[in-house]
Number of protein chains: 2
Amino acid sequence: MDHHALLLLGLLKNQAQHGYQLNDFIEKNLARVTNLKKATAYALLERLRESGLVAVKLEQEGNRPPRKVYAITQSGETEFLNLLRTELSSAEPISSPESTALMFMSELEPDERMACLNIRLEKLNAHIANLENIPTHKSAVNFALERQVVLLKADRNWLMGVLER
Amino acid sequence: MDHHALLLLGLLKNQAQHGYQLNDFIEKNLARVTNLKKATAYALLERLRESGLVAVKLEQEGNRPPRKVYAITQSGETEFLNLLRTELSSAEPISSPESTALMFMSELEPDERMACLNIRLEKLNAHIANLENIPTHKSAVNFALERQVVLLKADRNWLMGVLER
DNA sequence: CACGGAATAGTCATACTTGACTATGTTTGC
DNA sequence: GCAAACATAGTCAAGTATGACTATTCCGTG
């Protein structure tokens, strides 16, 4: 949850926004580096409000449905910095679901195993190509994307090595 | 959840076990490649039982508390292979909490930023050293650990590059 | 100017996860 | 020969996450 809160607080620190705006931005620009989902974001915003880390103001534009505009509060800013320091100093093991599958690889017949891993390789390559085609991204996201590419490439190269054995 | 189920089914396919045994093995040997927690495992075992993927038998040894011994069923084996194929073919973006922090790095003063990242670097190095000191691990876990080391090293090397800029 | 599709703005039931807790049995150092 | 530490075997309340769903408004095109 912490990193989700960090993300929302960070975006709100930059600019007060309503839920739709936040989610739209996340879906369109950050989907590759975060897995925060829409419903989760709304729920989290509500929790942040309860904790006093963000403040809500109702707003209506023309006949559009009314919006809740969220703004970061003073204690929200403090919490943001605390979370940022903590997360930036941390290094958790990288545990993607695939690690589990790799443990049991040998339970499949060689043919099938190779087939699955080749599909995986294609997907990794597609992800990488996709990321590298983004026109020099908004600088904030930059580092996260760069790291993502580095990790994906390391994963791909390792996988290619395994396929050769 | 899928990969958690895959892990439990895979362990049970190898040998019928009770909850404590499973959790003990996971904590002691797999903590570096999975994040399945004890309470989660017990809850998941119950769900697997409800779905008929595992069968339970009560057992008692001496005066010890009675145990529920879980064994994989026929349909459990089928499901295991399906999950294995799916996960082995998949390639999700690697989204660790740190990615979010990296996006907001620039919100910290340079000094503090460097300090945090250096702590992170130390932790990455410690993780790597730790993994490399494991005496050639049980072969099943092998690939997952190997990949973990590869990813951690890629992460570390990238971080060192960033620190130099 | 009507109609379909996209944008806006969420909600909700359900499922999943986990820190903290309970409770008994076994071993070990002194 | 007993108290403390450790192993065994879980449970539970509370917190989190999300796919599926609702409902209104706007806009472009025929």
Side-chain angles (χ1 to χ4, degrees), chain A residues 1-9 11-12 16-31 34-51 53-54 56-71 83 92-93 95-97 100, chain B residues 1-9 11-12 16-31 34-51 53-54 56-71 83 92-93 95-97 100:
Chain A
M1 175 218 133
D2 287 350
H3 59 294
H4 287 165
L6 177 63
L7 178 57
L8 291 179
L9 289 174
L11 292 175
L12 291 176
Q17 297 177 68
H18 52 91
Y20 184 83
Q21 217 170 342
L22 284 166
N23 278 305
D24 195 49
F25 182 78
I26 291 170
E27 267 174 45
K28 288 187 182 149
N29 301 289
L30 307 183
T34 185
N35 58 347
L36 178 58
K37 300 297 189 334
K38 197 160 65 116
T40 310
Y42 277 112
L44 182 50
L45 282 170
E46 173 56 18
R47 269 178 272 146
L48 292 175
R49 190 193 59 73
E50 282 167 16
S51 317
L53 302 181
V54 303
V56 182
K57 205 176 45 164
L58 278 177
E59 207 184 66
Q60 185 150 18
E61 187 187 342
N63 274 336
R64 300 266 182 82
R67 308 155 166 169
K68 287 179 191 164
V69 177
Y70 297 88
L83 283 174
E92 295 307 311
S95 76
S96 51
T100 310
Chain B
M1 174 218 137
D2 286 350
H3 58 292
H4 287 165
L6 177 63
L7 178 57
L8 291 180
L9 289 175
L11 292 175
L12 290 176
Q17 298 176 69
H18 52 92
Y20 184 84
Q21 216 171 342
L22 284 166
N23 278 305
D24 194 51
F25 182 78
I26 291 170
E27 267 173 46
K28 288 187 181 150
N29 301 289
L30 307 183
T34 185
N35 57 347
L36 178 58
K37 301 298 192 331
K38 197 160 66 120
T40 311
Y42 277 113
L44 182 50
L45 281 170
E46 173 56 17
R47 271 178 270 145
L48 292 175
R49 191 194 57 73
E50 281 167 15
S51 317
L53 302 181
V54 304
V56 182
K57 207 175 44 166
L58 278 177
E59 208 184 67
Q60 186 149 16
E61 187 188 341
N63 273 338
R64 300 267 182 85
R67 309 154 164 172
K68 287 179 192 165
V69 177
Y70 297 88
L83 283 174
E92 295 307 311
S95 76
S96 50
T100 309

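Chain letters run A, B, ... following the sequence lines, proteins first and then strands; every chain starts at 1.
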Nucleotides 10-17 of chain D: which of its N/O atoms have a protein N/O under 3.5 Å away?
{"residue": "D/dG10", "atom": "OP1", "partner": "B/Lys68", "partner atom": "N", "Å": "3.3"}
{"residue": "D/dG10", "atom": "O5'", "partner": "B/Tyr42", "partner atom": "OH", "Å": "3.3"}
{"residue": "D/dG10", "atom": "N7", "partner": "B/Lys38", "partner atom": "NZ", "Å": "3.2"}
{"residue": "D/dG10", "atom": "O6", "partner": "B/Lys38", "partner atom": "NZ", "Å": "2.7"}
{"residue": "D/dT16", "atom": "OP2", "partner": "A/Arg47", "partner atom": "NH1", "Å": "3.3"}

Atom pair distance, as rounded to whole Å: CD1 in B/Ile26 and P in C/dT17: 13 Å

Heavy-atom check, side chain of A/Val69 versus side chain of A/Gln17, under 4.5 Å: no

Rounded distance (Å) that lies between atom C1' of C/dA15 and atom CD of B/Glu46: 14 Å

Check: A/Asn29 side chain, A/Phe25 main-chain N or O, donor-acceptor pair, under 3.5 Å: yes

B/Asn35 side chain near B/His4 side chain, heavy-atom distance below 4.5 Å: yes

Rounded interatomic separation in angstrom, taking CG from B/Asp24 and P from D/dC6: 15 Å

B/Leu6 and B/Asp2, any side-chain heavy atoms less than 4.5 Å apart: no

Atom-pair distance (CG on A/Asp2; P on C/dT17), nearest Å: 18 Å

B/Thr100 vs A/Leu36 side-chain heavy atoms within contact, under 4.5 Å: no

Side-chain heavy-atom pair A/Leu12, A/Leu22 within 4.5 angstrom cut-off: yes

Integer-rounded Å distance: D/dG19 C1' and A/Glu27 CD: 13 Å

